[in-house]
2 protein chains.
Amino acid sequence: MLSDVMEDYLKGIYELQREYGAPVKTSLIAESLDVTAPTVTSMMEKLEERGLVAREKYKGVELTEEGETVAVEIIRHHRLLEAFLVDHLDYEWTEVHEEADVLEHHISEEFEQRIAERLGDPAVDPHGDPIPEATLEPPAADETRPLADFPVGDHVVVARVRDRNEDELEYLAEAGIVPGRHLVIEEKAPIGMVTVSHEEGQQNLPDGVAETIRARVAEPDDRPDTRHVTES
Amino acid sequence: MLSDVMEDYLKGIYELQREYGAPVKTSLIAESLDVTAPTVTSMMEKLEERGLVAREKYKGVELTEEGETVAVEIIRHHRLLEAFLVDHLDYEWTEVHEEADVLEHHISEEFEQRIAERLGDPAVDPHGDPIPEATLEPPAADETRPLADFPVGDHVVVARVRDRNEDELEYLAEAGIVPGRHLVIEEKAPIGMVTVSHEEGQQNLPDGVAETIRARVAEPDDRPDTRHVTES
DNA sequence: GCGATTTTTTAGATGGCTCTAATTCATAAA
DNA sequence: TTTATGAATTAGAGCCATCTAAAAAATCGC
């Protein structure tokens with residue numbers, strides 16, 4: 001009933017709403033989906049007609065409950081697929097995003113249930129992102145923060161390394177920046193760079209990248225792990 | 001580059017061409033894809049422009065080599081997916097068709113290779129249909145014939161039970177009409193019905209159904225098997 | 001072999017998703 | 001508080017896959 005394109009808009013709006021709050025502005029949506037602003041406006045009119053977003057002209061949109069449910073379902077599909085590809089088809093966690101981004105729109109309820117079952121209803125995907133429950137309750141806002149936000153000296157655990165292009169993820173994986181990894185914030189250089197360290201050495205990260213890696217403060221019992229980078 | 005719709009046309013034309021020979025008429029395509037004739041004509045113009053079909057106006061179309069390769073690829077996807085769903089996600093062979101029909105257009109090369117490998121490069125799918133090779137050579141025309149074509153008294157082995165709606169396949173599975181099954185043609189009634197038998201009893205099949213079940217003459221060493229219907 | 005019937009194509013329209021160009025609205029700066 | 005700037009919307013267009021109605025071509029029956 002809903003086109004894949006509409007599903008992509010809803011997913012995009014959901015994520016922008018989480019990150020920047022509502023209402024979500026036209027220009028943000030346009031940028032995130034790589035379309036022009038008029039395209040977004042006309043799509044918002046359609047989504048509004050269908051009751052999936054609430055719109056205030058010239059201000060922006062917010063997902064309705066129904067729109068949010070659709071978005072959460074697509075995200076559940078995406079993250080289950082990523083987990084499935086890694087666990088059952090030997091994909092590397094760095095290369096699952098594109099495949100999941102397509103398939104998320106095309107798998108049936110049945111397929112979703114079967115892979116969830118086969119995976120044992122995992123709580124997070126290979127990037128560390130939480131997988132929404134089958135009930136499609138929007139997951140609680142998370143307590144992680146971008147790596148760039150922690151002050152020098154903090155000990156943190158990487159929670160998520162966001163879906164982005166494969167080369168970047170591979171580089172980060174190679175450098176040991178993976179979900180679950182224990183890091184120390186070593187330095188924040190005024191040229192827009194963060195330096196972190198772990199058992200295997202130091203790593204410099206441009207601010208833009210450090211913004212998209214989310215972490216939480218290391219608990220007393222978080223032992224620096226010795227997880228190794230996957231051999232490829 | 002190619003839309004899913006175009007892929008569906010190519011797949012449909014391929015199958016019609018196998019069944020009835022080339023050129024394939026507009027009306028046949030329209031019926032098999034459940035669209036109107038003008039829709040087919042306009043799609044054929046587009047496929048011709050792209051070099052995927054050769055067209056003779058008012059006569060019909062034939063796939064070019066390139067068009068055939070695309071069709072074979074989609075069919076390979078379809079059948080690998082069906083096999084994967086049955087072998088690795090516990091689907092019944094009667095319920096995989098719809099899922100595969102959607103996903104066949106959306107999986108990557110990578111995904112195709114990985115499921116093929118995981119399955120051990122099977123030669124046939126759960127319906128008994130041959131899975132084209134990764135080289136996408138069009139498979140040799142097969143030597144099976146519709147069940148309806150065998151004379152009374154013949155001993156045959158079911159080769160394929162074609163993709164069609166789930167209820168019908170479930171009924172046939174329940175009745176023991178599954179790929180690999182040894183059958184004897186018992187009677188061909190003038191009311192358009194064929195009667196076949198196997199170890200567990202007799203089964204009447206309307207001609208329309210007997211047309212879509214393909215079989216080959218039982219070889220001397222084909223022992224009537226005792227395969228059981230899957231318990232559900 | 002010619003008219004009647006069937007099939008195919010042409011013509012013209014619609015809805016979906018996108019664009020560029022022009023206009024309207026909101027906001028930040030003076 | 002007025003204006004300049006930037007953001008959003010409207011206007012108008014194009015392409016895709018589809019439709020119905022009308023015209024043209026092929027085929028079938030005598």
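So you know, we letter chains A, B, ... as the sequences are listed, proteins then strands, and number each from 1. Computed over heavy atoms, backbone and side chain alike; hydrogens, waters and symmetry mates excluded.
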- Give the rounded distance in Å between these two atoms: CE of A/Met43 and C1' of C/dG16. 8 Å

- Query: When you check the phosphate oxygens OP1 and OP2 of C/dT9, does a side-chain N or O of B/Thr26 lie under 4.0 Å from one of them?
  - Reply: yes

- Should B/Ser27 be listed as having a side-chain N or O under 4.0 Å from OP1 or OP2 of C/dT8? yes

- Using 30° and 60° as the class limits, which term best fits the ring planes of B/Tyr91 and A/Phe111: parallel, tilted or perpendicular? tilted

- Message: Can you give me the closest heavy-atom contact between B/Leu81 and B/Glu104, atom names plus distance?
- Response: CD1-N, 3.5 Å

- Would you please confirm or rule out a distance under 4.0 Å between OP1 or OP2 of C/dT9 and any side-chain N or O of B/Thr41? yes

- Step-by-step salt bridge (charged side-chain N to carboxylate O under 4.0 Å, His left out) determination, B/Arg160 to B/Glu82: CA-CA 14 Å; B/Arg160 321 192 218 152; B/Glu82 290 193 335; over 6 Å; no

- In whole angstroms, how far is the C1' atom of D/dC16 from the CG atom of B/Leu47? 13 Å

- May I have the distance from A/Leu10 (atom CG) to C/dC17 (atom P), rounded to whole angstrom? 11 Å

- Of the nucleotides D/dT18, C/dA11, D/dT9, which one has an atom closest to the side chain of B/Pro38? C/dA11

- Note on the structure: Nearest heavy-atom approach of B/Leu119 to B/Leu80 is CD1-O, 3.7 Å

- Between A/Asp129 and A/Arg214, does at least one N-O distance fall below 4.0 Å, as a salt bridge requires? no

- Task: Just compare D/dA17, C/dT18, D/dT18 and give me whichever is closest to any side-chain atom of B/Ser3.
- Result: D/dA17

- Message: Students often get this wrong, so: under 4.0 angstrom with heavy atoms, is B/Met44 touching a base, only sugar-phosphate, or nothing?
- Response: nothing

- Query: Nearest-Å distance, CG (B/Asp4) to P (D/dA17)?
  - Reply: 9 Å

- To the nearest angstrom, how far is B/Glu45 atom CD from C/dT8 atom C1'? 11 Å

- Task: To the nearest Å, give me how far apart CG (B/Asp34) and P (D/dT18) are.
- Result: 10 Å

- D/dT9 OP1/OP2 closer than 4.0 Å to side-chain N/O of A/Ser42: no

- Query: What integer distance in Å separates B/Lys46:NZ from C/dT10:P?
  - Reply: 13 Å

- Is any side-chain nitrogen or oxygen of B/Lys57 closer than 4.0 Å to OP1 or OP2 of D/dA24? no

- d(CD, A/Glu56; P, D/dA8) in whole Å: 13 Å

- Item | Under 4.0 angstrom between B/Tyr58 side-chain N/O and D/dA23 OP1 or OP2 | no

- Query: For C/dT8, does OP1 or OP2 lie under 4.0 Å from any side-chain N or O of B/Arg55?
  - Reply: no

